[in-house]
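Comments concern the structure below.
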Amino acid sequence: MNKEMSIAPIQTVQELSLEALFAEGVELMQKLAGESWSDYNLHDPGVTLLEQLCFALTDIVYRGGIELKQLLTHDDNRLKLSANGLHSPGKVLPGGPVTDLDHQALLYDRLPDLGIVGFEADSNNTSGLKHLFYVPNPVQSAAPTTPETLEARILKVYHFNRPLCENLAGELQPLKTSPLELHGTLSIDEGENVLSVLAEVLLTITERIATKPEFEPYEDLLKAGEPLDQVLEGPLSERGRIVHGRTSPKISIQALEADLRQLDGVKDIRKLWLKDIENNRDVFDFLHGGPNRHFQLQQIKLDVRVLDEPVSINNELLEEEFNRKAEEHRQLQQNSLSHNKTIFPDLEQEYQDLTQSFPLKDQFPENYHFNRLKRSHSYSTENPAQFKQMNGYLMLFEQLVVNAFENLAHFKDLFSLTTDTSQSYHFQRLQTKEAQSLYRHDGTTLNDALNRVLSENDDFPERRNRALDYLLSIYAETFPDSELRRFNSYFTRPDFEYQLIRGKVQLLRVIPELGVRRGLGETIHLPAFHEATQPSGLWLKTMLQLGCESRKSQSLVGLFTDLNLSLTNAPQLSQFNVIKSQEITNRITKHFHPAITQKMSATFERPAPDVVDQLLENGALVSREINVDFLKQGTYPGRFKVGTVTDDDDKRVFMLVYRINERGQWAELGTFDRLTEAKQAAVQLHQLMLNLNLLSEGMHLVEHILFAVSHPSLPTDFLSDRISVFLPNWSVRFANPEFQKFAMEAVIANCPAHVAIDFYWLDFEQMQMFEKRYIQWRKALADSNESSQALHIRASGLIEFIHRQKKRSIFP
């Protein structure tokens, strides 16, 4: 039987069939045309066009049955999910450490040199400080891979993963190990490398007696039927999930002998036993460890033989071979960690160019003389009218299809984490010569003309925001659009919608980081505002929700310092050259024009110092000491006007003025020879005020538990589970009481429930005082060479500042 040469039908909704679409179109034409059009037979040109439209739609439906993963595939055949905000389970399901067991798992995984680690509450402090005890892994520490000491590496890992309001009490404390002495007779096969075999024997014994954690591979847990979200709960470890309670095994000497006999090169091993040097006790059956009992092989008294002849061993060469074997063993373990590829395989998909066009006429029957094989130059020249008529008729169909697939090709852009796109509707020009002659445009380039047509109905920000909202909902996240719109003080309305897009994209990018750091504190082993400092999850999430740009904690007064500016609460009238002449005031009111004719948006680019110098030189900026009211009111373009006046030399100049208050008082900001210069100065000054407001917004978090090391006698309710949040009150938004309420609610919503919060809204001078003390304290806290007395002094200065502000604070 011959194979059927036809396209298998696909399952589609009945409403999108050709018949259903045609019937709906006829019904709609009847309603619109009424009695003026009564012929709906197939020969009618209008019905023919309707058929064409319906056929194009059904063709789009048929060819548009594309899997989602195909729409996200790039031209390198890769599914770049994270580029589209679709983070893998291995990135979003794990979290930061919460319990001591979580910390142990994280330290074991990050530090192969670590044998065992444990936490214990500080008996001298009730605020929650902990001591950390550890035992090195004798196998891994035999060949350290970095020059850092183990303790420094332990502290680094701990501080990068420290839960909010938790801390260590002080220096780490290594646990004492009990030394062991190895006895027995080892026979090695003839021709084997004696040092290599002996090193393998010692490595095996060292691993058996060492106190170290055990891990269950993720693959085994999944095969056992455990859900993925439970398997990946807690900190993600490359070695799998730690098995708690198996770090102090009971070691059988007989089983150890059996294991050694299986090693290559070992002919026999007899009379194996261990001597507990500390207790002067020989162990022939079982070696029992315990929470406070850890062993280390210290001396080797094996009788090594080849062909029953004793062999002398060079201890230095044996140590070198042991270290080499230990490194090989570590590399072997690392290479066997394949669970990431097993659970999250590399996603590859054959890329299909959805923009590739397949003209309908190339698929016509042969007798049409139009298909790809039969079309000829002679036909188009002999029947030019028919040829053009057919091309024109098909153009509607072809244009609908190629535009539909051009939009599908850009689907990944709409759901991407890029901020470069600015359109959600796309088109494709038909490439045939006949089609090119049918395009009409108004003299501008054709692409510009077509883009202008599309933009009339393309509300890109609205569609893009909806797409990003959908992606956020996958992770149970939302973005406070309405609240941020309510407090928009720095952007034009169109620009603000793009700022919302920018904020959501940033939030989607840090979803994995937030998942891990949501309950973690800031890394405190580095000075304040250090570029390598990891912020707390609370700080990062809140900053994004408040519409602040910075991803790293930084000084809130630093921008003013960099520009050699300062902020003062002195009255504006004392800072400006106030215009007191009623004649000039009346002239400003009646005849001066707005200096800034187009509303501007703030930028996140830091202003250059030469901009300030130029404004000071032309008088637009009165001094380097800016009044707080001027900082805020300078963001309103309507307060700046420009007009002509006569100077002392009877010369007509352009005066730039600024409205100081609602009573109509004006200040002179400078005179200029040209109107363009005056307006440019106003624009620069207005832009500077916008940027100063925007870039000085943010907050600082201080965890009180960090004072416990230097001030253990402070009350528990001050030290334990409490943070202080310091925010500026001088910008337009942050000075608004309603925004302050919104900001505090955002901090509370993102803060762990057990942590109490104190809020402090500081003016510029207070923030300078705070940051000075905060920087000094954090520097002393991070410096391991800093004396305890110096740390006490630095901490006291900040504690005193907090107590002083608490008395003034009106917030709970």
Side-chain angles (χ1 to χ4, degrees), residues 93-137 150-177 210-216 221 230-249 289-294 515-525 534 536-538 703-706 708-709 712 716 719-723 751-755:
L93 290 178
V98 177
T99 65
D100 290 346
L101 296 179
D102 290 339
H103 264 300
Q104 289 175 334
L106 195 66
L107 288 166
Y108 291 145
D109 183 67
R110 302 291 192 273
L111 303 172
D113 292 1
L114 194 60
I116 193 69
V117 67
F119 294 89
E120 184 178 286
D122 183 8
S123 58
N124 299 320
N125 194 297
T126 59
S127 60
L129 288 180
K130 300 176 182 179
H131 290 288
L132 189 149
F133 303 91
Y134 72 95
V135 176
N137 183 342
L150 180 56
E151 288 193 2
R153 294 164 66 195
I154 291 173
L155 287 174
K156 183 177 181 180
V157 173
Y158 173 81
H159 285 306
F160 265 98
N161 300 277
R162 180 183 60 84
L164 192 71
C165 294
E166 288 190 19
N167 196 24
L168 296 177
E171 295 181 356
L172 307 187
Q173 300 182 23
L175 291 174
K176 182 181 177 182
T177 57
T211 307
K212 62 183 184 300
E214 293 183 28
F215 290 87
E216 291 179 290
L221 295 171
Q230 293 183 20
V231 170
L232 297 179
E233 187 178 20
L236 183 66
S237 164
E238 288 190 355
R239 290 193 262 182
R241 189 170 67 187
I242 190 172
V243 182
H244 296 292
R246 296 190 195 171
T247 55
S248 301
N292 300 312
R293 182 84 164 145
H294 310 283
V516 173
R517 302 204 61 81
R518 188 175 299 274
L520 302 187
E522 186 175 1
T523 52
I524 58 170
H525 68 294
Q534 292 293 314
S536 67
L538 169 60
E703 301 171 57
H704 291 200
I705 190 67
L706 304 181
V709 175
T716 302
L719 289 175
S720 182
D721 297 330
R722 181 172 289 275
I723 63 174
C751 186
H754 68 284
V755 176

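Note that the structure is a prediction, hence the values are computed from the model and not measured.
Checked by atom type and distance alone, the side chain of Q534 never pairs as donor or acceptor with a backbone atom of F160 at under 3.5 Å. Checking side-chain atoms of E703 against main-chain N and O of C165 turns up a donor-acceptor pair under 3.5 Å. With S127 contributing its side chain and S720 its backbone, the two residues share no donor-acceptor pair below 3.5 Å. The main-chain N or O of L111 is never found under 3.5 Å from a side-chain atom of R153 such that the two would form a donor-acceptor pair.
The ring pair (Phe, Tyr, Trp, His ring centres under 6.0 Å) search around H159 returns H525, not counting sequence neighbours. Residues satisfying the side-chain contact (heavy atoms from CB on, under 4.5 Å) test with V709, not counting sequence neighbours, are L129, N167. By the salt bridge (Lys or Arg N to Asp or Glu O under 4.0 Å) test, R517 pairs with no residue at all, sequence neighbours left out. Among residues two or more places apart in sequence or in another chain, the side-chain contact (heavy atoms from CB on, under 4.5 Å) test is passed with P174 by Y134, E151. When the salt bridge (Lys or Arg N to Asp or Glu O under 4.0 Å) test is applied to R241, the partners found at least two apart in sequence or on another chain are E226.
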Exercise for the section: Could you check I242 against D109 for side-chain contact (heavy atoms from CB on, under 4.5 Å), going step by step and ending with a plain yes or no? Expected result: CA-CA 9 Å; I242 190 172; D109 183 67; over 6 Å; no

Exercise for the section: Could you please spell out the steps behind the side-chain contact (heavy atoms from CB on, under 4.5 Å) verdict for S237 and L106? Expected result: CA-CA 7 Å; S237 164; L106 195 66; over 6 Å; no

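Applying the ring-ring contact (aromatic ring centres under 6.0 Å, His included) test to residues at least two apart or on different chains, the pairs with a partner in residues 114-133 are H103-F119.
Between L107 atom CG and L132 atom CG the span is 6.5 Å, to the nearest 0.5 Å. With rounding to the nearest 0.5 Å, the separation of CD1 in I723 from OG in S536 is 7.5 Å. Of the inter-residue distances, the one linking I524 atom CD1 with Y158 atom OH reads 7.5 Å to the nearest 0.5 angstrom. Atom CD1 of residue I154 and atom CG of residue L172 lie 5.5 Å apart, to the nearest 0.5 angstrom. Interatomic distance, R722 CZ to T716 OG1, rounded to the nearest 0.5 Å: 11.5 Å. In this structure, CG on L93 lies 9.5 Å from CG on L236, to the nearest 0.5 angstrom.
Taking both residues in full, the closest heavy atoms of D122 and A169 are given as OD2-CB, 3.8 Å, listed atom of the first, atom of the second, then distance. Counting all heavy atoms, side chain and backbone alike, C751 lies closest to L164 at SG-CD2, 4.4 Å. When all heavy atoms of P235 and G96 are compared, the pair lying nearest together is CG-C, 4.2 Å.
Using a cut-off of 4.0 Å between Lys/Arg side-chain N and Asp/Glu carboxylate O, K130 and E166 are scored as salt-bridged.
Counting only heavy atoms from C-beta outward, the side chains of P712 and L719 never approach each other to under 4.5 Å.
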